[in-house]
Amino acid sequence: MADIIQIVVLGLALGGVYALMGSGLSLVFGVMRIVNLAHPSLIMGGAYVAYWGFRLYGVDPLIALPVAAIILAATGVLLYKLIFEREAKSAKYSEMTVLLTFAIAMIVEGGLATAFTNTQRVTSPGYATDAFFIGSVFIPKGQLYAGMVSLALIAALALFLKYSRFGYAIRATTQNREAAELMGVNVNMVGLVSFAIGIGLAGAAGALVSFVFSFFPSKHWEWVAVLMSLVVLGGMGSILGTVVAAYVLSVLAAFVGYFFGATWSVLTFYLALFVVLLVRPQGLFGEKPEMA
Amino acid sequence: MSNIGETSDILAQRKTYNAGLSQVSDKSRATWFPLLLLALLTALPALQLVGNYNYLIHLVLYTLCYVVMASGWNILGGYAGYISLGHNVFFAVGGYFAGMVFARLGISTIIIAPIAGLVAAALGYLIGLITLRVRGPSFIISSLALVMIFRIAFENWHFVGGAAGVSLQANDMDVQWAKLPYYYAFLAMAAFALWASYRIRHSKFGLGLRAISKDEVKAESAGIDTRFYKVLACAISAFFVGMAGAVWGEYLTYIRPNIFLVILISVNMVLMCILGGKGTVAGPALGAVLIVAFNEFFVATLGASAVNIMATGVIMAVALMFFPNGIIGTLAKHRKLPRILNWD
Amino acid sequence: KIGASLPLTGAFSIAGTKHQQGYELCVDLINEGGGIMGEQVDLIVSDNRSDPATAINQYERFINVDGVDAVFGTFSSRLSFPVANILARNGYVHPVPAGGALRIYTQGHQNLFYFQPNAAEYIGVSLTGMIADLIDEGSRPQTAAVVAADDFFANAVEAGFLGTEVIDPADGSVVEDMAPGYLAEAGIEVVYSEKWPEEGFNDWLNLANSIKRSEADLIIALTASAEEAVQLTRALQTVRAEPMMVYYSQGTQAEFYEGTGDASESILMHTSWHPSAPYNGELNGEPFSNQDFVDAFSEAYGAEPDEDSAIPFAVCQGIEQAIRGAGTTDNAAMGEWLYARTADEPVRTILGRFSWDSRGLPIDKPFLIAQWNGGELQFVYPTDEFPEVSELSHPKDGF
Amino acid sequence: MLEVKNMSKRFGGIRAVDDCSFTVRKGEITALIGPNGAGKTTAFNCISRTMAPTSGEVWLDGERIDGLRPHQITRRGLSRTFQISRNLADMTVLENVICQSRTEGWRDMFRPALSEAEIAKAMGILDFLGITRIAQEDGSNLSYGQKKLMDLAALLMSDPKIILLDEPAGGVNPTLLEEIVGHIRELNAKGLTVLIVEHNMELIMRLSDRVVVMAQGTVIAEGTPEEVRADPAVLDAYLGGVLEAEE
Amino acid sequence: MSELLEVKDIVAGYGDGPAILNGASLTVQPGKVHCIIGPNGAGKSTLLKAICGMLPVRSGNVRFKGESLAGLRPDQILQKGICFVPQERALFPKMTVRENLRMGGFSLKDQSDLERRVDEIEEQFPILKERRDQHAGTMSGGQQQTLAMARTMILRPDIVMLDEPSLGLAPKIVQQVFDIMKVMADTGITILIVEQNALLGLRNADWGLVLDLGRSLFEGPANDVLEDDRIQELYLGGKKVA
Ligand SMILES: Nc1ncnc2c1ncn2[C@@H]1O[C@H](COP(=O)(O)OP(=O)(O)OP(=O)(O)O)[C@@H](O)[C@H]1O
Ligand SMILES: Nc1ncnc2c1ncn2[C@@H]1O[C@H](COP(=O)(O)OP(=O)(O)OP(=O)(O)O)[C@@H](O)[C@H]1O
Ligand SMILES: [Mg+2]
Ligand SMILES: [Mg+2]
């Protein structure tokens with residue numbers, strides 16, 4: 001029994017981190033229809049901000065988090081202005097963005113590697129390698145804190161989207177850009193702000209990741225497929241779905257790893273994706289595509 | 001208040017107005033160009049008689065390999081609009097099938113290639129039945145997941161060497177000529193792929209695929225068996241990619257999961273098609289030439305480093321932003337496409 | 001002109017970058033000393049992104065476009081394996097800095113020279129030897145947990161420990177049967193074994209927890225990537241595993257210590273090189289000791305060297321001596337010269353003396369075992385090689 | 001010829017089509033009218049199988065077709081247009097139209113699509129509808145009315161036995177509409193069966209042989225145009241006394 | 001007669017394609033209902049899009065209350081008081097009916113005022129009240145049109161431009177729509193519609209405009225347009241019904 005609890009705890013702990021990593025991706029897709037393959041590489045950027053804060057000034061990554069978020073959000077603004085503002089008008093928009101963000105991922109990776117070398121990094125605040133023990137069950141502190149911070153951020157985001165006037169504008173733009181424009185929404189601004197928020201979340205996730213995983217510039221490829229699976233599984237653009245998928249799958253993967261071996265735990269994410277797509281093509285929380 | 005003239009007048013005016021707006025399509029194309037290209041490429045290895053052009057041959061061969069794969073990809077990704085980041089699964093299946101036959105039975109992969117292609121096509125058919133039920137980003141991501149699944153499967157399949165892979169016997173020809181069998185195999189496959197690509201694009205099947213890429217509900221109600229069309233397109237495109245994989249394995253003398261199942265390969269296929277012009281015949285070929293050339297250029301000038309990755313990213317971004325329909329597509333749209341590149 | 005393709009980016013970038021430093025330092029020193037036979041050496045390094053196909057392509061380029069006179073090998077079994085075929089076909093001497101898996105050497109190539117002590121499959125003997133020699137009967141580990149990345153190199157090491165057959169999947173033939181395995185020979189029972197995939201594995205805590213719960217006295221973790229070693233260590237620390245002894249196949253780098261800190265205490269790893277090993281090599285026809293290398297490296301890069309720079313340095317020494325010895329850059333002659341080395345007339349490098357058997361594996365060279373103690377990587381075994389041996393600290397006092 | 005039996009379609013709590021039955025007789029023009037949201041489009045969708053009905057049967061020429069896939073239904077000679085026209089971007093209008101022509105078997109699939117015969121046939125239809133000039137235009141760059149016309153053209157390309165038109169007159173210029181009406185009549189005279197949804201009462205009255213009136217998912221009246229127009233239930237639910245004003 | 005909106009000789013087209021409008025002109029007087037008719041593809045929708053800022057005007061000018069609208073974004077033009085319902089209706093398919101109505105008043109800052117206006121509209125259109133929690137995308141064509149129309153009224157703009165408001169509506173509703181339009185006009189909202197149901201449109205309008213070949217062919221009181229024989233033949237289906 002303790003084993004089972006332990007596995008669930010570990011799954012949940014990892015799930016919290018994935019949830020934040022995936023939610024920015026989900027937001028950007030939801031609002032902008034951008035499948036942001038560069039998201040993981042931008043998370044990496046956030047992780048480097050936290051790393052240098054820790055290394056040079058001994059700043060705790062949790063404190064560096066807002067800084068990382070702001071720096072990355074600014075990067076988001078820049079990217080949007082340079083690239084996506086023009087693209088928004090293109091008919092080939094959604095497939096173009098897949099490739100453009102792929103290109104951005106390469107640029108970010110190359111940039112980070114040039115600036116910081118390809119050496120692996122990790123920040124080591126005391127809690128990163130500590131745990132609470134409850135009986136024989138332990139809860140890793142690092143992941144626990146990361147999970148709690150990420151849940152708080154996601155909740156704040158959800159409330160913002162649901163109740164603020166700007167949140168309304170974001171949703172309207174998501175559904176019908178032209179109509180939103182006609183209703184007096186400055187759609188360009190909406191795109192800009194939501195993109196900045198999404199990338200800012202990547203920055204925040206980066207700060208958390210910096211003490212949960214070790215990282216180096218090209219590592220983001222390892223995250224892409226997992227994060228994307230979560231987003232698709234949850235239903236493209238549904239942040240709630242992404243969060244749920246992150247938790248459910250992490251726990252599931254922990255079980256698979258425990259019973260069938262670590263090799264197969266990664267497979268859980270992809271197989272689950274296929275099964276879900278077979279039974280429910282729109283994902284767990286996605287809306288049914290409209291017909292006729 | 002303005003006034004209007006006679007009814008017939010208006011009707012006549014309307015005709016001229018309409019004529020002014022209507023589009024004329026440029027139908028001229030230069031068939032001689034691809035044929036000339038084929039002839040030149042056939043003759044190319046003769047250079048070996050006057051010096052060491054091994055690397056040039058290697059590069060052309062490498063490009064041809066990608067021409068086959070990108071053209072194959074284009075049938076599903078370009079015509080039917082299902083962007084797959086998972087086509088290297090077929091590359092791997094073709095490579096492993098032919099490679100293992102070669103390793104165990106000693107039959108050259110060049111002979112096995114069409115069969116390997118069929119094996120890949122059969123797999124493509126099955127996979128298509130499952131994944132082609134979803135569209136857009138979901139499809140892209142599920143194809144990505146497919147690569148991961150196959151990779152993990154191959155890495156744990158000990159019969160084919162697991163993660164470490166299998167080393168294949170190199171042929172015992174003189175170094176100078178050793179590449180030629182593969183070179184001609186790829187040249188033949190590339191020519192075949194382009195021809196098939198042309199035929200399909202102009203067939204009813206191709207038209208149906210293009211309809212599917214735009215609006216599946218409409219296509220279905222137009223009497224097109226969309227499910228079958230899609231899956232067949234997937235199988236055909238898997239066939240080409242699988243064939244290329246078969247010969248590629250023997251050429252490298254090594255098969256292992258991370259030679260075939262790396263994201264970069266499928267990304268290359270996608271990129272070549274988009275850069276050259278997705279859904280056109282010449283696009284994938286042109287894209288393959290350009291991407292391989294960029295790559296070589298960077299290796300030659302910047303050496304290989306992080307800067308290289310960054311530069312590749314920049315080139316890619318710029319190309320996408322300024323040639324949204326690919327080079328062929330964008331030029332054609334502005335009616336600036338040179339005739340020699342109009343293979344459609 | 002000498003070419004080297006290295007994984008400067010991608011999964012092996014850490015080691016790859018250090019290899020580049022090793023090669024470059026050596027070539028610089030050769031050139032300062034007037035070059036080889038009066039000619040300056042031009043080193044071309046290119047990045048293969050840890051990708052085998054790219055590595056092959058780059059050696060093609062070195063040979064056919066750059067027209068290099070010799071090549072240096074690349075890092076790790078994964079890349080060395082495919083590269084071996086093309087270098088063999090073109091008749092180039094293939095000095096391998098890292099690529100210990102037996103299967104590379106049993107393909108029948110006549111141009112391979114491995115510049116580390118022994119094939120990966122045989123590494124385990126050093127650990128069990130150390131346990132037998134240095135630890136009292138009563139405090140020896142009785143049980144072991146063996147975890148490994150599903151990687152060419154790690155699998156090879158694992159095969160030795162667990163005593164599995166090494167098979168060539170091309171024809172299904174047995175390359176070598178490692179049975180019963182070093183652990184079994186040493187009377188250590190394997191209570192837990194697990195593999196994780198080569199790339200993209202994140203679930204370290206779970207793995208660590210399983211290891212902990214197996215209550216094994218000895219943890220053996222095998223990987224080719226220092227990053228994974230760090231991850232696993234941190235996870236073991238988090239779950240408060242309490243083994244008696246921990247052994248890794250990677251982790252001699254400064255980055256390992258940076259990532260793990262105090263948790264690195266008492267962790268053992270095998271190494272081909274150690275800064276305090278009193279090996280006397282040769283460069284430019286003159287003696288060049290290991291200490292000289294450490295000094296030169298620190299001066300050039302402002303950091304202490306580690307194994308990943310020292311091995312390629314030795315590779316470079318080997319090639320330099322081969323060219324000098326053969327009196328030509330004809331690779332066939334160089335190869336013959338290298339094969340002709342014996343224990344008495346070896347290639348002298350900062351890794352010690354090398355001579356090779358017909359497969360290209362060094363004859364009679366044991367691995368060293370090192371241990372992190374107080375943030376310093378100390379050399380602990382074998383004790384009879386040279387005087388500057390540190391005391392083994394045992395048992396490990398938690399993470 | 002076409003028979004709908006007890007068909008129902010629910011969306012969550014909404015019963016868009018509720019136990020609806022009617023028949024379309026061979027060679028006739030039948031009109032399906034009803035207030036907005038009566039379920040006419042949904043009924044079309046269920047007949048052509050663009051949507052799966054919740055329950056009920058559909059028979060075409062004595063053959064049950066509600067289990068078939070949409071393309072199979074189309075191949076059995078039943079074609080439909082969409083209320084909000086769907087057209088294929090990045091394909092010329094000509095291709096849009098030819099796309100709808102029949103394909104039989106493997107060999108036909110790989111035959112060149114834009115053959116002389118097909119082009120001639122398609123151009124003939126476009127010409128008739130007065131939209132020849134947009135033949136090479138991109139299918140998505142059309143005005144609303146042009147899209148409707150293109151839809152109609154594509155429909156005719158498949159040589160259907162029965163066509164289902166969802167508001168073909170909406171947004172079409174009256175002058176042109178006259179011509180279209182004439183053509184539908186002509187086709188009908190040649191044996192084409194038509195089921196048409198329309199809100200233009202004047203058109204319905206002139207064109208149809210029989211009228212089926214739907215409201216809230218069920219058929220509330222059925223009969224000749226005159227009968228239906230006189231039916232008080234229809235007046236109340238649908239016409240709202242407008243017709244008198246028209247006269 | 002003071003002009004509220006004046007469009008003079010504008011040229012406009014899509015992207016870098018040919019010009020669709022070649023010097024179309026139009027004057028709009030306050031408080032009146034204006035109806036534009038013309039054959040399919042004449043550029044009627046294009047004209048409305050150009051006015052509300054969705055298409056760049058290549059030459060000529062658009063003045064609203066004497067002020068040029070050149071270079072303004074759609075949301076800015078909306079702020080000035082011009083509301084547009086395109087032919088495709090521009091609803092938010094995955095928002096509920098009520099949320100759609102609320103979006104109509106997006107530029108209102110006062111939330112309680114907005115709620116009140118939404119309530120008012122719901123009273124006027126019972127069907128919207130009934131379906132308030134249904135997603136707009138799942139409503140029937142006619143219901144959607146009703147919603148789109150109703151939504152513009154929330155802002156109480158100076159001008160409402162409707163592209164084929166009667167499209168797909170049942171006769172009963174069509175009459176309601178035109179009645180609402182009259183009410184709007186009475187309250188001082190100027191209305192500009194494009195109609196293919198030309199007879200009905202013109203009958204309910206004060207002023208008519210014939211647009212063909214990308215320019216304005218005829219402009220005058222709605223009755224004059226209705227009476228003109230040639231217009232009858234060319235655009236109204238020939239038969240004289242009235
Ligand atoms: N996808 C859907 N999901 C939920 N409800 C739907 C969906 N499609 C239609 N409905 C509902 O079903 C009912 C019937 O709609 P339908 O479109 O069939 O009406 P219609 O008769 O075609 O009306 P109109 O004349 O206005 O086009 C409507 O109340 C509508 O809201
Ligand atoms: N998005 C577009 N891109 C390019 N051309 C377009 C686009 N939309 C319309 N057109 C062209 O502009 C011309 C005028 O279109 P417009 O929509 O203004 O016509 P309309 O008068 O509203 O016709 P209808 O009564 O059929 O709605 C048409 O010939 C059409 O081909
Ligand atoms: Mg309808
Ligand atoms: Mg229009």
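These numbers come from the heavy atoms of this one structure, side chains and all, not from hydrogens, waters or symmetry mates.
For A/L273, the part lying near chain B is the side chain, with the backbone staying farther off; criterion is any non-hydrogen pair under 4.5 Å. At a 4.5 Å heavy-atom cutoff, the contact between B/V267 and chain A is made by side-chain atoms alone. Heavy atoms of B/L320 lying under 4.5 Å from chain A belong to its backbone as well as its side chain. Within the 4.5 angstrom heavy-atom criterion, atoms from both the backbone and the side chain of B/I149 approach chain A. Both the backbone and the side chain of A/F102 come within less than 4.5 Å of a heavy atom in chain B. Heavy atoms of B/I83 lying under 4.5 Å from chain A belong exclusively to its side chain. At a 4.5 Å heavy-atom cutoff, A/I34 makes no contact with chain B through either its backbone or its side chain. Contact of A/I83 with chain B is made through backbone and side chain together, with heavy-atom distances under 4.5 Å. Heavy atoms of B/V134 lying under 4.5 Å from chain A belong exclusively to its side chain. Proximity to chain B involves both the backbone and the side chain of A/L271, based on heavy atoms less than 4.5 angstrom apart. For chain A, the nearby part of B/I140 is the side chain; its heavy atoms alone come within less than 4.5 Å.
For the pair B/H87/B/V270, no side-chain contact is recorded, criterion being any heavy-atom separation below 4.5 Å from C-beta on. At a threshold of 4.5 Å between non-hydrogen side-chain atoms, the residues A/M21 and A/V209 count as touching. Side-chain contact between B/Y96 and B/P257 is present, with at least one heavy-atom pair separated by less than 4.5 Å. Between A/H220 and A/L42 the shortest side-chain heavy-atom distance does not fall below 4.5 Å. Between B/L290 and B/I327 the shortest side-chain heavy-atom distance falls below 4.5 Å. Using a 4.5 Å cut-off on side-chain heavy atoms (C-beta onward), A/S23 and A/L201 make contact. Side-chain atoms of B/T131 and A/L277, non-hydrogen and from C-beta on, never get closer than 4.5 Å to each other.
With chain B as the partner, the residue from A/I107, A/V98, A/V232, A/I104 showing the most heavy-atom pairs under 4.5 Å is A/I107. Ranked by heavy-atom pairs shorter than 4.5 Å toward chain B, the options A/S229, A/G111, A/A105, A/G110 are led by A/G110. By number of non-hydrogen pairs under 4.5 angstrom with chain B, the leading residue of A/V108, A/L100, A/V35 is A/L100. Ranked by heavy-atom pairs under 4.5 Å with chain A, the first of B/V147, B/V314, B/L271, B/N156 is B/N156.
Applying the side-chain contact (heavy atoms from CB on, under 4.5 Å) test between B/Y79 and each of B/N74, B/L207, B/T280 identifies B/N74 as the sole match.
When the heavy atoms of residues 254-270 of chain A are compared with those of chain B, the residues falling under 4.5 Å are A/T263, A/W264, A/V266, A/L267, A/Y270, listed by number.
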Between A/F274 and B/I130, is a side-chain contact (heavy atoms from CB on, under 4.5 Å) present by the stated rule, with each step listed? CA-CA 8 Å; A/F274 268 83; B/I130 301 173; 4.1 Å; yes
Q: List the steps and the verdict of side-chain contact (heavy atoms from CB on, under 4.5 Å) for B/I263 and B/L85.
A: CA-CA 7 Å; B/I263 301 280; B/L85 282 175; 5.7 Å; no
Check against side-chain contact (heavy atoms from CB on, under 4.5 Å), A/E109 and A/W221:
CA-CA 10 Å; A/E109 179 190 332; A/W221 297 120; 2.9 Å; yes
- prompt: Does the side-chain contact (heavy atoms from CB on, under 4.5 Å) test come out yes or no for B/N88 and B/F260, once each step is laid out?
  reply: CA-CA 6 Å; B/N88 45 4; B/F260 295 102; 5.6 Å; no
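Taking the six-membered ring for Trp, A/F215 and A/Y48 have ring centres closer than 6.0 Å.
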